[in-house]
Amino acid sequence: MSRTAPPASAEAAAALRLEAVSRVFQTGSRTVTALDSVDLTLVRGTFTAIMGPSGSGKTTLLQCASGLDRPTSGRVFIGGQPMPAGSEAAVTKFRRGRVGFVFQHYNLMPALTVKQNVTLPAKLAGRRISADRRDAVLAQVGLADRGDHRPAQLSGGEQQRVAIARALVTSPEILFADEPTGALDSRSAQTVLRLLDQAVRTHGQTVVLVTHDPVAAAHADTVLFLMDGRLVDRLPGPTAVAVADRMTRLADEVDRRAAEAEV
Amino acid sequence: MFRLALSSLRHRVGGFAASFLNVFLGAALLMAFASLLDTAGGAGVSHDDKNSLTTIAYVVGGWGVVVVAFGVAATLGLSVRQRASEIALLKSAGATPKQVGRMVVGEATVVSGLAAALAVVPAYFAGRLLLTALTHAHEVADGITYKFGPMALAFGLGDAFVAGCVAAAIAARRAARQSTKDALVSASADDSRLSRKRIVWGLIFLVVGVDAGVLSGTVFKNKGFVSMSLAGEGIVWTSIALAVFAPALLRRAGLVFGQPLRATGGSGGYLAYLNLRQRSNHLAGALMPAVLLTGLAAGSMYLQRIRTLALKATGVTQTADDRGVNTLNFVIVAMIAVFAAVALLNIAITTTAFRRREFGQQRLVGSTRGQVLRMVAMESLVTGLTALVLGTVAAVAGVLPFTLGTKGASIGSAGPLIYVVVAAAVLVLTLVANVGAAARATRVPAAEAVAAV
Ligand SMILES: Nc1ncnc2c1ncn2[C@@H]1O[C@H](COP(=O)(O)OP(=O)(O)OP(=O)(O)O)[C@@H](O)[C@H]1O
Ligand SMILES: [Mg+2]
């Protein structure tokens, strides 16, 4: 890596920092600014929820922050280290080990057993995960006895728990979850949220959660609201009612703007 | 449903291109040889010439029909199996299995029909060239008029076209019966165990193959062209029999190569090993054309070489006609080998391109593109080596009895060069097709590859 200035002490504690991150999509003649110069700093060991109307840029934000997508402009720092601007391989090598990601649709490898899925990221990074560590994390998500099953033999909720174990096992700097409960029934969703909560409270894990559910968002320390690619509001110490209230106001705002645009 | 089939065709032109190409080449190949039958039926063809023409047409047709039928069936069957999720979706939207079947077969009919019809043009010219070659080799008299007629069409349509449609119908029936959940489970679980039906068919093909081989060295020994082509049939059927057992054999190969793969291959080797063990059924698709290619190319060239050497050893001098026959033989083998090579490329490329999503998922959890490509390279190395071993067994099944039955012949005299060239070609083809397709499939960002269903 070229010049990496030693980060200031306050920033060293930042698990994630975005500096003027923009992402512009160009499809044909249409230009969509999915992220519009977003600045964001998340302190280690915090649980942050991101909410916003559909199409507001939540997924884009997570993907740019995690190295799955590249910002059109701006810079991303994970644990004070800048995301490399080089080849895809360089970004991949940077993010594995530093970033865990939980997807709405699990994305487990179908041919691999639960155990093999959990240790795959470390294998790819050329590191060894001890069997004890693997089994401990599987026990943490309540799947100690399902290690030799394959994804297709598990329920959606169980698959998502495997995905969480896979994201946690390398103790990443930060864990992103994009609507992890979006495809689950409410009971399984509860379990998944409890697991994320536990990771933050008992293991000091930093977690960023995108969700449409105010009850889910209420698990977080802070809720950030995104609209048209901009962070427009933040709510510390959220309750489900307060979150729902903000979301309603945001939706009204969207409707009002749409009406204005028509005039 | 037929209209649905047409619109679905228009939307997935790329996916059908592989099937189209295989039917096209196969039909052209068969029609070219079958046109010799039309020619033989022409007025003013002497009795001897008629005999020569029909013998050559049937002999080549014997292998050709089988190779083309299986090649086409493999490609079309694969294209249907790869649409399991689309078919499940149609069913959940209310389509009955029968409607699904009609749609899939409708597509296959259009694709194969079009391909077979267009193949008439190259077949006409290839058939003419064949006749010229035969005339030059003095297999037939000068001045025979070339004819392209009902026999050619019957073979072209009767084999390539029908094989395509039947394979699509069988695959569609299976796909339509399966629920989405089952489709997912069978895609991930250990699915390399062979069904009883499969084992029975494999054994039947094996008996036919060994039988043809043995006949070439016993009852029909020392009959020149006839013994050689019987030995050739032996190779073809043995190849197909072994290809029928391929998923189970590939799984074993995964076990055999597992240790070195995991020891030296890093994460790529580790994943290749797991895939070979768990998904040998998916990876085995390209084995049939690869085994056929190895068996046929190596086998028939050795047959020819051994016969030539045997003639020399027994003091018979080769005439210009003999050399002409040799050239002709070489051309025939080359044509069938090209067909098998295209089928191999087709199936390898289609199979690997289909793994786009899987590659995407792997990259999402931290695999670099290079690691994906190394994994695919190692898988195809094992697949290619397995094909080589099976193809060699098939070749031996034809060459050995033929050699034993031919006076003055020995396998050792023919030297290793032919084998080395064929083996290298098969390995390179397999590797290039798979790794190339994987490189293409990983060009888009991982998140996009996973999102696009
Ligand atoms: N690959 C892409 N090409 C073009 N436009 C895109 C692409 N990905 C996202 N967009 C656009 O960027 C905007 C933000 O999309 P994004 O997926 O981040 O929204 P989101 O907040 O996650 O929405 P949802 O809640 O529906 O998941 C949308 O207008 C979307 O159409
Ligand atoms: Mg989204």
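Here is the naming used below: chain letters follow the sequence lines, and residue numbers restart at 1 for every chain. Predicted model only: the values in this text are computed from it and were never measured.
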CG (A:L124) and CD (B:Q362) are apart, to the nearest 0.5 Å, by 6.0 Å

CZ on B:R363 to CG on A:L68, rounded to 0.5 Å: 10.5 Å

Considering non-hydrogen atoms only, spot the tightest contact between [X] and [Y] and give its length.
{"X": "A:T92", "Y": "B:G366", "result": "CG2-O, 3.3 Å"}
{"X": "B:Q361", "Y": "A:N107", "result": "NE2-OD1, 3.0 Å"}
{"X": "A:A111", "Y": "B:R279", "result": "CB-CD, 3.1 Å"}
{"X": "A:R96", "Y": "B:S367", "result": "NH1-CA, 4.4 Å"}

Could you tell me which of B:L364, B:T368, B:L274 has the largest number of non-hydrogen atom pairs under 4.5 Å with chain A? B:L364

Over 12 foreign heavy atoms within 6.0 Å of CZ, B:R440: no

More than 12 heavy atoms from other groups under 6.0 Å of CZ on A:R230: no

B:Q371 versus chain A, the contacting section by heavy-atom distance below 4.5 Å: side chain

At a heavy-atom distance under 4.5 Å, which candidate from A:H105, A:M109, A:K93, A:R70 has the highest pair count against chain B? A:M109

